[in-house]
Amino acid sequence: MNTADVVVVGAGVLGLSTAYWLAKTGSKVVVLDKGRTAWEASGRASGYLSLRGETPIEARLAAVAEKLWHSLDDELGYVTEWCPEGRLWAAFPYEWEAMQETYKSFSKTDFPFRLIDGNEARSLLPYLSDSVVGAIHTTHGGHANPQRTAQAFAWACMDRGAVIRENAPVLSIRTSGGKIVGVVTPDGEIATPIVVNCAGPGAGKIAEMIGAEVPVAAARLEAMVTAPLPPMFKFAMIGNGVSVRQTHRGNLHFNGGPHEWIDVDLTSEPVKPTTPIIRNAARRVAELLPSAKNIPLLRCWGGVIDLTPDHSIVIDRVPGPDGMFVSVASGHGFGLAPAIGKALAELTLTGDSTIPIRELGLSRFANLPKDWRKQFKWEAGNYNT
Ligand SMILES: Cc1cc2nc3c(=O)[nH]c(=O)nc-3n(C[C@H](O)[C@H](O)[C@H](O)COP(=O)(O)OP(=O)(O)OC[C@H]3O[C@@H](n4cnc5c(N)ncnc54)[C@H](O)[C@@H]3O)c2cc1C
């Protein structure tokens, strides 16, 4: 039988980051994915580091992540295309009142956010629509290339001895005497005392294997890139309901608009048809950056994210038989992955973390009703508009 000190379930950016930090300490790590490496949300993300101004308890995690991003290429030995050029939230008149409320929450974090008027926003980005009336700006944050980042973590953890097994769904977890003892795949069992559950939308199903609950719902959303354009802006931008960044090659890479709730299962890939939402998101970008209006779309794709009931991250030990740890990134895990993986690795090895994660535990859902997805209208087939 194969053995591992730690089995990580999920070769997305969270699982790969955790595997990297664990392998760096000398742990024998096996990463299992039911599909291919970073084929799900992690390879389909827009690439922002979310600073989490909306939820100041996560902003502290974002600050750790930002610090790690600045030296991540050197740490991993591979390129991520990290672009540390800050962030702009632009508001049309219909968004301005809400943005001023949002700013109050942003101000509770340690990041230096500024509320600016439309003219100052246009001085930062002359291509911005004349209808933009105000913005929040910060020099903190940035964006990177999701595929290259996931690839960098995958190569770096393999360089340090971790093994990644693709097309290896976890079918069950064996326990004995109140402890995890092994993980079962179609190719046999891997004996291990520790499972790190980074299965994204499948995290709830992996937790159920040891009789525990991790509340997570899956939603499908859309992203796209235009043909390359000359350099327009370097920061990560949000406005008119879409997130837009310009890639190193010049493409506008964006996503936004509504998303659709779906169900996922243990072994198969969730389907990702593209839909009329593409037209909706493309129109929003043309309104925000009028000079992009006639630029052809090059590629569109769907991706599936995992959302927790309060939209905040979970990083915790899973109650029940000893040995399972989990993180669910709630739709903003790409940028935070360097810090989440490090925190999970520390938690797994020492039972605690130097990174501020105490308020991100599962106990906050203790009173969640069993049928929360129904009550929230987060069941498959519904749209979140
Ligand atoms: C269009 C889009 C745009 C986004 N933009 C951003 C952004 O700009 N910034 C940001 O921070 N975040 C963004 N996100 C969210 C971000 O991509 C995710 O939060 C992050 O990738 C989560 O990483 P993960 O490793 O937890 O999950 P995933 O990448 O979903 O990986 C989970 C893995 O677990 C595997 N798995 C599931 N069940 C099993 C099983 N039974 N056995 C074995 N393996 C299993 C899956 O195959 C999958 O590969 C975006 C997401 C999408 C879809």
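Indexing begins at 1, ligand by ligand and atom by atom, following the structure's order.
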Is the gap between the ring centers of His253 and Trp301 under 6.0 Å? yes
Please report whether the ring centroid of Phe106 lies less than 6.0 Å from that of Trp89. yes
Once side chain to side chain contact (heavy atoms under 4.5 Å, CB included) is applied, do any residues pair with Pro290, and if so which ones, sequence neighbours excluded? Ser129
In this structure, CG of Leu88 is separated from CG of Leu128 (nearest 0.5 Å) by 6.5 Å
For ligand 1, list all ligand N or O to protein N or O distances below 3.5 Å, rounded to 0.1 Å.
| residue | atom | partner | partner atom | Å |
| --- | --- | --- | --- | --- |
| ligand 1 | 5 (N) | Ser46 | N | 3.0 |
| ligand 1 | 8 (O) | Gly47 | N | 3.2 |
| ligand 1 | 8 (O) | Tyr48 | N | 3.0 |
| ligand 1 | 9 (N) | Tyr48 | O | 2.9 |
| ligand 1 | 11 (O) | Tyr48 | O | 3.3 |
| ligand 1 | 11 (O) | His332 | O | 3.2 |
| ligand 1 | 11 (O) | Phe334 | N | 3.0 |
| ligand 1 | 11 (O) | Gly335 | N | 3.0 |
| ligand 1 | 12 (N) | Phe334 | N | 3.4 |
| ligand 1 | 17 (O) | Ala41 | O | 3.2 |
| ligand 1 | 19 (O) | Gly333 | N | 2.8 |
| ligand 1 | 21 (O) | Ser42 | N | 3.3 |
| ligand 1 | 21 (O) | Ser42 | OG | 2.9 |
| ligand 1 | 23 (O) | Ser42 | OG | 3.2 |
| ligand 1 | 25 (O) | Val13 | N | 3.2 |
| ligand 1 | 25 (O) | Leu14 | N | 3.1 |
| ligand 1 | 29 (O) | Ser42 | N | 3.0 |
| ligand 1 | 29 (O) | Ser42 | OG | 2.5 |
| ligand 1 | 41 (N) | Val170 | O | 3.4 |
| ligand 1 | 41 (N) | Leu266 | O | 3.1 |
| ligand 1 | 42 (N) | Val170 | N | 2.9 |
| ligand 1 | 44 (N) | Lys34 | N | 3.0 |
| ligand 1 | 47 (O) | Asp33 | OD1 | 2.7 |
| ligand 1 | 49 (O) | Asp33 | OD1 | 3.3 |
| ligand 1 | 49 (O) | Asp33 | OD2 | 2.6 |

Can we say Glu120 and Arg114 salt-bridge, meaning some charged N sits less than 4.0 Å from an Asp/Glu carboxylate O? yes
Is there a donor-acceptor pair closer than 3.5 Å between any side-chain N or O of Glu58 and the backbone N or O of Ser312? no
